[in-house]
Structure formats: C-alpha cells, structure tokens
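If you're wondering where the values come from, they're calculated on a predicted model, not measured in any experiment. Residue numbers begin at 1 in each chain, while the letters A, B, ... track the order of the sequences.
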There are 2 protein chains.
Amino acid sequence: MTKRLNSSLKPIEDVFSFWDVMTPDERNFIQNTYTVQHYRKNEVIQMEGDIPTHLMVLASGKVKVYKTGFGNHPQIVRMLKPGENFGYRAIIANEPNSTTVTAFEASSVYMISGEIFLSILRHNNAFCYRFLEEMSFDLAESDARTVNLTQKHIRGRLAESLLFLKENYGVEEDGATISIYLSREDLANLSNMTTSNAIRTLASFVNDEMIAMDGRKLKIIDEERLRKTSKLG
Amino acid sequence: MTKRLNSSLKPIEDVFSFWDVMTPDERNFIQNTYTVQHYRKNEVIQMEGDIPTHLMVLASGKVKVYKTGFGNHPQIVRMLKPGENFGYRAIIANEPNSTTVTAFEASSVYMISGEIFLSILRHNNAFCYRFLEEMSFDLAESDARTVNLTQKHIRGRLAESLLFLKENYGVEEDGATISIYLSREDLANLSNMTTSNAIRTLASFVNDEMIAMDGRKLKIIDEERLRKTSKLG
DNA sequence: GTAAATTTGTGCTGTAAAACATTGTTTTCA
DNA sequence: TGAAAACAATGTTTTACAGCACAAATTTAC
C-alpha cells in the first residue's frame, strides 16, 4: 500500500510549479537532494516557533496553516492544496516559523533544503521573482482576511468560508458537494467563531436552503444567496 | 515655506533604503525619472481599486494604509514612517490597489515609475531579494494582526495598538509621549473598535494609571502593565 | 464488537461591545 | 469673530456571540 502510494506520487518536477524557471543545474541539484515525507491525518508538519529548515511543496493531500492565539484558540490563515509551497516565509525572513502546519488528511510533502532554496533565490532572478509574485498575492489575501474576519458577522464569515472552500478545492462530480470534508471545529477555526456557532449557523443555512448537509459533506445549493450572505451578513 | 520644505527634503538616495543594491545605471535612471509629490493632511495618496502606477517611498510625514470594509468601515492595515515603501504590491501582483493610502500629516513621497520598478526587479537579483524579504516580514505581520484583532478583547487590542505606535514612531524627548498624534477615530480604526469604545477604553487606561492623556498626546507611563493588558485583555 | 473518545447538536445564560443619542469642546474657515 | 464642522466624552439600550452544560451520534481503539 505504501509502495503504491509512493509510486503513484507525482514527481517533483510536475508538482513544484516553479520548476520551469530553474536552470538544468539547479534542477539536478534539487533532484539529488530533495526528500519526501508522508504525514498521517492530523499529524503536525511544521510547528510555530521552530526554526525552519525546508521549503516544502505539498505533493498530495490537504493541509491547514494556522496560528495559535490566546487561550490556545487556533486561527487558520491558509489552506493548501497539492502544488502549493509553504514553510519558506520564515526561511526568507530568517525567523522562527510564525505558523503551525497540520495535515487535514494523509499528505505527502517534498522537502527542499532551506540553504539550497536560499541559494537559488539569490542566484536565479526569475525564481526569486516568482516567489515575490506569490507573496504579493498572499499578502493581499491576508489583509483581506483581516477585514473579513473583523467586520463581517457570523453568517457572513461562514458563507465566505464555504465559498472559499469551494473555490479552493472544487466540487465533487455532482457539481455541488465541496471537495474537502472539514470538522465543524476546523470550519469554526477558519471562520473565527466557536464550534457551536459553526454548527448552529450551518443548520440555519440548511434551513434557508442555501446548502445541504450530510455529515461533513457540504453541498452548496444556492450559491447566489450564499454570496449575498457573505457580503451583507 | 514650500521651498524650504523642498530643500530640507532628504534626497532619494538617502530615503530609499534599497539604494545600496542598485547598479550605477539603475540609480541614474531613477535619479532622472523620479518625481516628488507633496500631500496635505488627510489627502488621499492612493485609492483602493485604482490601477497602480508607481512604487512610492515615503520621504517625510506619516501615512496610513487601510482597507474599506462593509458599511464604509475602514481597517488600518499598516502605518508608515519615512523610508518605507508602498504601492508596490499591486504592481507586482498586476492587480488594482487593494488598499487606500492617506496622509496623517503633511507628507512627501518619492514616486518611481512602475515599469522601471518592474524592470529593475527583473534584472537585479539582489534588489528583487530585498523586496522578497520585506514582503516576508509584512506577511507575518498581517497574519499576526488577523489573530490579534479577532481574538483579543477590546482592552487588549487598544493596548496592542499603543505599544505598536510607540515602537513604530518612538517617543518625544520626555521618553513617554508617543510621537504620533492620532484622532480617536483613527485609533479605533487601527484597533477594530468603535470611536466611543476607543475613547472609553483610553479613559479606563488613564484611570488605571497605565497611560496619561493630554488631548491627542498619549503618554505611556506603565509599559509593563500595558504589555500585560495587551496579552491578557 | 464493545467501550472509550471524539464529534455533533441544542438550549440557556451572561456579557462584551456595537448602536444610538446627547452634550460639551476644540478647530476651521468665511 | 462667530457659525459650522469636526472631534471628544459619556450615558443608555440592544444584540450578537461566547461560554457552558449536556445529550446524541459517530468514530476510534483495543
């Protein structure tokens, strides 16, 4: 089984989206030094406060990036899908990790040494620019999240999260069921509310016929209205 | 008077902190093409939604960077002091501005053409890397702000803001008065609360002898306790 | 295959903070 | 210099949401 998982893993040159701007030498170097790590559901991949060692590329699975605030209350700040990079911000800033990363489901991660990463950044301008671009998107998203979470009311925040999940992870073959199954608690930590309120508000959305639920499967049935709810509360 | 202001303005090579990583050619090019803009108190420098045209460097004064949320309620996401760059994120991301920038007080800004900026980013690796570094700090700050604003209670948020203002802008000769005079409204927009609550909470801090007030002059007299309040509410 | 643990669902209560209203105070500018 | 506007202060009311307790359902573990 494990073998099968490994053999079915997409090779790093297909997963790491900045492969195309690297030189043959750089590619070789990474090919010869990268490692793969497999994580089980709920396993911690990176810990807040630890010294970062690797640029990581999610090969398969889904992970959450979160900060632990006062009273151990986590706030999810990013959710990644295969092909996305993480762990590199702290390397560039030369700081301890500012976030914890945990696997939502069984996930595989390509690990590229931080020193090699920095060295490529410092020698390959196109590579550096691509990361700059990526960060400039992430920064806008982060600022937008700040405003969403502080200014929207509970219904607006949850609606926003559901739409984000749909956009980010897509839907099943039925065209409506969001392709990620989160616990109510994770949904709450994404939307800055208590678990009870996530449950309650989901129920109210079902009642309003904006979504349908089957356990953790959430189906968006009136996206229009959900979008309105996200905007106006 | 205006002449005096102009003549007392620090030259761009002293203000723009990435000058040292530029080539002589690049420096020349910027020297020959940059412009200076002066803004009066409360004047808008950059507008949310507009197409970005220039990398801007604050030469003198103080400015706020904010997003306008639902119900026209602004959330300040950054406050700049001389030497800091702004307006460049949207250029890199090739998006409309995601924030509005307004002068707190009379400010002067060096304007560097977006095309020239992009061209240097694409040819000068050290220059590109410095911006990458800057963004990696900003991104961590933005995520931290999200957690602060969503999880801390009103006293904690205001205390946090006061400490930030002191760290960012420093203090007057008395060693205690914060060197920026904000309206209660701006303080509220920085701390995600209503103006009345900013006023009330400030008064309560005075009562608790953590700060002293004289109009807009805020003096931190018990930083220890203010820090504790910021952490624990 | 049953116990234990985790997750989900619901109701109730208290409260932090928004919203609103009013008045006093300072700035701005014809 | 006097009216208007902006800002600061404070009291009152309303409400959105957290916190808690508990029950039911589902998952995990042995």
Nearest whole angstrom, please: distance from the P of dA19(C) to the CD of Gln151(A). 10 Å
If each of Arg184(A) and His153(A) is mapped to the nucleotide of DNA chain C with the nearest heavy atom, which maps nearer the 5' terminus, i.e. the 5' end? Arg184(A)
Just how far, in rounded Å, is C1' of dA8(D) from NZ of Lys217(B)? 17 Å
When rounded to the nearest 0.5 Å, the distance separating CD1 of Ile45(B) from CD of Gln37(B) is 9.5 Å
Rounded interatomic separation in angstrom, taking CG from Asn189(A) and P from dT7(C): 12 Å
Decide yes or no for Val44(B) and Val101(B): does some side-chain heavy atom of the first lie under 4.5 Å from some side-chain heavy atom of the second? no
Whole-Å distance between dA18(D) P and Met193(A) CE? 8 Å
Could you check which of dA18(C), dA8(D), dA18(D) has an atom nearest any side-chain atom of Ile154(B)? dA18(C)
Measure from the side chain of Thr194(B), starting at C-beta and using heavy atoms only, and say which of dC7(D), dA18(D), dA19(C) lies closest. dA19(C)
Are Lys219(A) and Asp214(A) within salt-bridge range, i.e. N to O under 4.0 Å? no
Given dA18(C), dA9(D), dT10(C), which nucleotide is nearest the side-chain atoms of Ile199(B)? dA9(D)
Counting heavy atoms from C-beta on, name the nucleotide in dT7(C), dA18(C), dT10(D) closest to the side chain of Arg157(B). dA18(C)
Tyr88(A) vs Glu134(A), test: side-chain hydrogen bond (donor to acceptor under 3.5 Å, both in side chains). Steps then yes/no. CA-CA 11 Å; Tyr88(A) 64 92; Glu134(A) 183 161 313; 2.9 Å; yes
What is the separation between atom CG on Leu182(B) and atom P on dA8(D), rounded to the nearest whole Å? 10 Å
Rounded to the Å, how far apart are His73(A) NE2 and dC17(D) C1'? 12 Å
Phosphate oxygens OP1/OP2 of dA18(C): is one of them under 4.0 Å from a side-chain N or O of Asn197(B)? yes
Using heavy atoms to find the nearest nucleotide of DNA chain C for Lys41(B) and Arg155(B) separately, return the residue whose nucleotide is more 5′. Arg155(B)
Counting side-chain heavy atoms from CB outward, which of dA18(D), dG11(C), dT8(C) is closest to Ser183(A)? dT8(C)
Tell me: CG of Leu187(B) to P of dC7(D), nearest whole Å? 14 Å
Please state whether the phosphate of dA8(D), meaning OP1 or OP2, lies under 4.0 angstrom from any side-chain nitrogen or oxygen of Arg216(B). yes
Nearest to the side chain of Ser196(A) - dA18(D), dC7(D), dC20(D)? dC20(D)
Smallest separation among heavy atoms of Ala93(B) and Ser136(A), with atom names: CB-OG, 3.3 Å
Find the distance Tyr181(B):OH to dA8(D):C1' and express it as a whole number of Å. 18 Å
